[in-house]
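Side chains are part of it too, since the values below use all heavy atoms of this structure and drop only hydrogens, waters and symmetry mates. So you know, we letter chains A, B, ... as the sequences are listed, proteins then strands, and number each from 1. If you're wondering where the values come from, they're calculated on a predicted model, not measured in any experiment.
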Amino acid sequence: MPIKIYNTLSRKKELLQPLEENHVKLYVCGITSYDYCHIGHARSALVFDMVVRYLRYQGYAVTFVRNFTDVDDKIIARAAEQGVEPVVLAQRFIHEFYTDMDELGVLRPDIEPRATEHIQEMISLTRDLIDKGLAYPAGGDVYYRVGKFADYGKLSGRNLEDMQAGARIEVNAQKEHPMDFALWKKAKPGEPKWASPWGEGRPGWHIECSAMSRKYLGDAFDIHGGGKDLIFPHHENEIAQSCGASGKSFANIWMHHGFVTIKDEKMSKSLGNFLTIRDVLRQYPAEVLRLFIFSTQYRNPLDFTENALRDARTGLDRIYECLAMVASLPDGREGEASIVLKKDRKKLLNLKDRFDQAMDNDFNTAQALGFLFDAIKVMNKIGRLLPDVPAAQDVELLQSAGNTVQEVSDILGVAGRDPQQYVEGKKKKLLASIDISEEEINRLIRQRDEARKKKDWAASDVVRDQLLAHNIELHDGPEGTSWDVKS
RNA sequence: GGCGACGUAGCCAAGUGGUAAGGCAGUGGUCUGCAAAACCAUUAUUCAGCGGUUCAAAUCCGCUCGUCGCCUCCA
């Protein structure tokens, strides 16, 4: 099945047709490492993690490059505040980033280039642009001449005139045009600097992605991704640089994911409404966060609420509980009649196809999850209806559906733990949170049983309420009374 | 001011021309001494509003209202 991806450049869904047969080359803009990462960064990492996993599952070889911006104004400013060297600060937060990514179970990209290790490539790209008349040095800086690049504004759907009308850009006397942007910045005292044909300085932000994507993926590659906020100016400028220098096309498909919002407003440092990844991970396991992120299609905004996270946790429990049920199924017997309805059997057999279809349609994880939960509902129903000696074909159906659930969950990076251990582990964790011993619970249950035998319901209910006060709930079943910690 | 996205049940969210997936919550049922839990079933004559195109529209077109984003560093 062909995979369709929404391309920001054409504003349409397009067929993924890799330049190289069966090999997808993907470049994603990574973080500027000067602080802990927030949930928005987690969405970016998780979305592309899912994309890479899905493409590989569909048989593509994927070369995935994601950079680190480790020299930049914000890093320099923050380092100065803290009285450390910028490189030290950048290195520290790259380390913190890895801690978060590992906790989230994000697969490492194949190549993770750092800006400071590619200064020569940036200088040479800048020189190419000057040679072509697309850039000019001015007072130790080098600027890109946007007016010379005909397609400038094509990605973000703007033109130079409109942008100037509402521009809040400080006028820089050195620039020929207010929208010209820096490829190279002259060093100020005390800042990190490298030698260049234009004097000591450091690269501009946009040039690093052009230089590093060219080095590792070539002039043209398949997919370039990032958050919607990078469309302008970052990606627009990358296109101007890369296409300008190579005279060829650059990335074929531009993928941009939506923001994480809080109370429907973009999460950002300036608004002060951001949550770091570790803030959230303290309260919810990574798999819950993943399920939350994938509960909406990647291009839509995603509002962060306690309620949404709780829903995600309930959903994760459902997946694990279903898988645990399948794992504890008895052996079936050949020749027994099936109790499974034809339409339910079909639903289970079609799960993989439906999942793939949703994912092929611009990675519609929300729809894919809908199909997954639909199948789980059917599996639970069958599991409950199954007689003590079930038909072999019914057991096989559930086991095969369980395998499919496991397989598609892996693509989303959820349900990676042993389901029976998960269910037990959850119980243990709840057990640790109660203030009563198991002996005491069992003693009270025996006491209640005595009362119940005498049909002394009042006394029986007193015990039940007593246990409930300790968050213990009782289940009276045909085989006696069991108990659970209320979640 | 320019450009763009979005508006589907109490909440979240699919659906992109053929008569509204899924989840959470709610309601009913099974079970129970009564409960709880679990499971089963069920929940939008209707898709912000108004017009238009069409045999047929949540889906296409136009206008209105509302929300958000980009135009400055930002995932």
Tell me which nucleotide among [options] gets nearest to the side chain of [X].
{"X": "Asn361(A)", "options": "G15(B), C34(B), A37(B)", "result": "G15(B)"}
{"X": "Arg158(A)", "options": "C73(B), A37(B), C70(B)", "result": "C70(B)"}
{"X": "Arg452(A)", "options": "A14(B), A75(B), G33(B)", "result": "G33(B)"}
{"X": "Lys74(A)", "options": "C73(B), C34(B), U72(B)", "result": "C73(B)"}

Report summary line: Applying the 3.5 Å cut-off to both distances, the Watson-Crick or G-U partner of U45(B) turns out to be none
Tell me whether the side-chain N or O atoms of [X] pair up with the base of [N] as donor and acceptor below 3.5 Å, since no angle test is needed here.
{"X": "Arg448(A)", "N": "G33(B)", "result": "yes"}
{"X": "Arg464(A)", "N": "A36(B)", "result": "no"}
{"X": "Asn300(A)", "N": "G7(B)", "result": "no"}
{"X": "Thr314(A)", "N": "G23(B)", "result": "no"}

**Report entry** Counterpart residues, ring pair (Phe, Tyr, Trp, His ring centres under 6.0 Å), relative to Tyr152(A) (two or more places apart)
**Finding:** none
Report summary line: Applying ring pair (Phe, Tyr, Trp, His ring centres under 6.0 Å) to Phe259(A) and not counting sequence neighbours gives none
Polar-atom pairs under 3.5 Å, protein N or O versus N or O of nucleotides 40-44 of chain B: list them with distances, or write none.
residue, atom, partner, partner atom, Å
C40(B), OP1, Lys377(A), O, 3.4
C40(B), OP1, Lys381(A), N, 3.3

Query raised in the report: Between residues 29-41 of chain A and RNA chain B, which residues have a heavy-atom gap below 4.0 Å?
Result: His38(A), Gly40(A), His41(A)
Distance check needed: [N] [atom2] versus [X] [atom1], whole Å only.
{"X": "Glu161(A)", "N": "C3(B)", "atom1": "CD", "atom2": "P", "result": "13 Å"}
{"X": "Leu467(A)", "N": "A35(B)", "atom1": "CG", "atom2": "P", "result": "19 Å"}
{"X": "Asp73(A)", "N": "C73(B)", "atom1": "CG", "atom2": "P", "result": "9 Å"}

Report task. Over 60° means perpendicular and under 30° means parallel, so classify the ring planes of His38(A) and Phe274(A), tilted if in between. Result -> tilted
**Report entry** Aromatic-base stack, Phe373(A) on G22(B), cutoff 5.5 Å, angle under 30
**Finding:** no
Query - ring-ring contact (aromatic ring centres under 6.0 Å, His included) between Tyr284(A) and Phe292(A), worked out - result: CA-CA 11 Å; Tyr284(A) 299 94; Phe292(A) 162 68; 9.0 Å; no
Query raised in the report: Is Arg108(A) positioned over the aromatic face of Tyr98(A), cation under 6.0 angstrom from the ring centre and no more than 45 degrees off axis?
Result: yes
Requested in this report: Validate the cation-pi geometry between Arg114(A) and Phe68(A): distance from NZ or CZ to the six-membered ring centre under 6.0 Å, angle to the ring axis within 45°.
Outcome: yes
Which donor-acceptor pairs under 3.5 Å do the side chains of residues 47-55 of chain A make with protein atoms, sequence neighbours left out?
residue, atom, partner, partner atom, Å
Asp49(A), OD1, Leu107(A), N, 2.9
Asp49(A), OD2, Arg53(A), NE, 2.9
Asp49(A), OD2, Arg53(A), NH2, 3.3
Asp49(A), OD2, Arg290(A), NH2, 2.5
Arg53(A), NH1, Asp410(A), O, 2.9
Arg53(A), NH2, Gly105(A), O, 2.8
Tyr54(A), OH, Gln58(A), NE2, 2.7
Tyr54(A), OH, Asp356(A), O, 3.2
Tyr54(A), OH, Asp360(A), OD1, 2.7

Query raised in the report: How about Glu208(A) and Thr69(A): does a side-chain donor come under 3.5 Å of a side-chain acceptor?
Result: yes
Report task. Could you tell me whether Asp461(A) contacts a base, only the sugar-phosphate backbone, or nothing, with contacts defined as non-hydrogen atoms closer than 4.0 Å? Result -> base
**Report entry** Base versus backbone protein contacts along nucleotides 16-21 of chain B [heavy-atom cut-off under 4.0 Å; B, S, -]
**Finding:** -----B
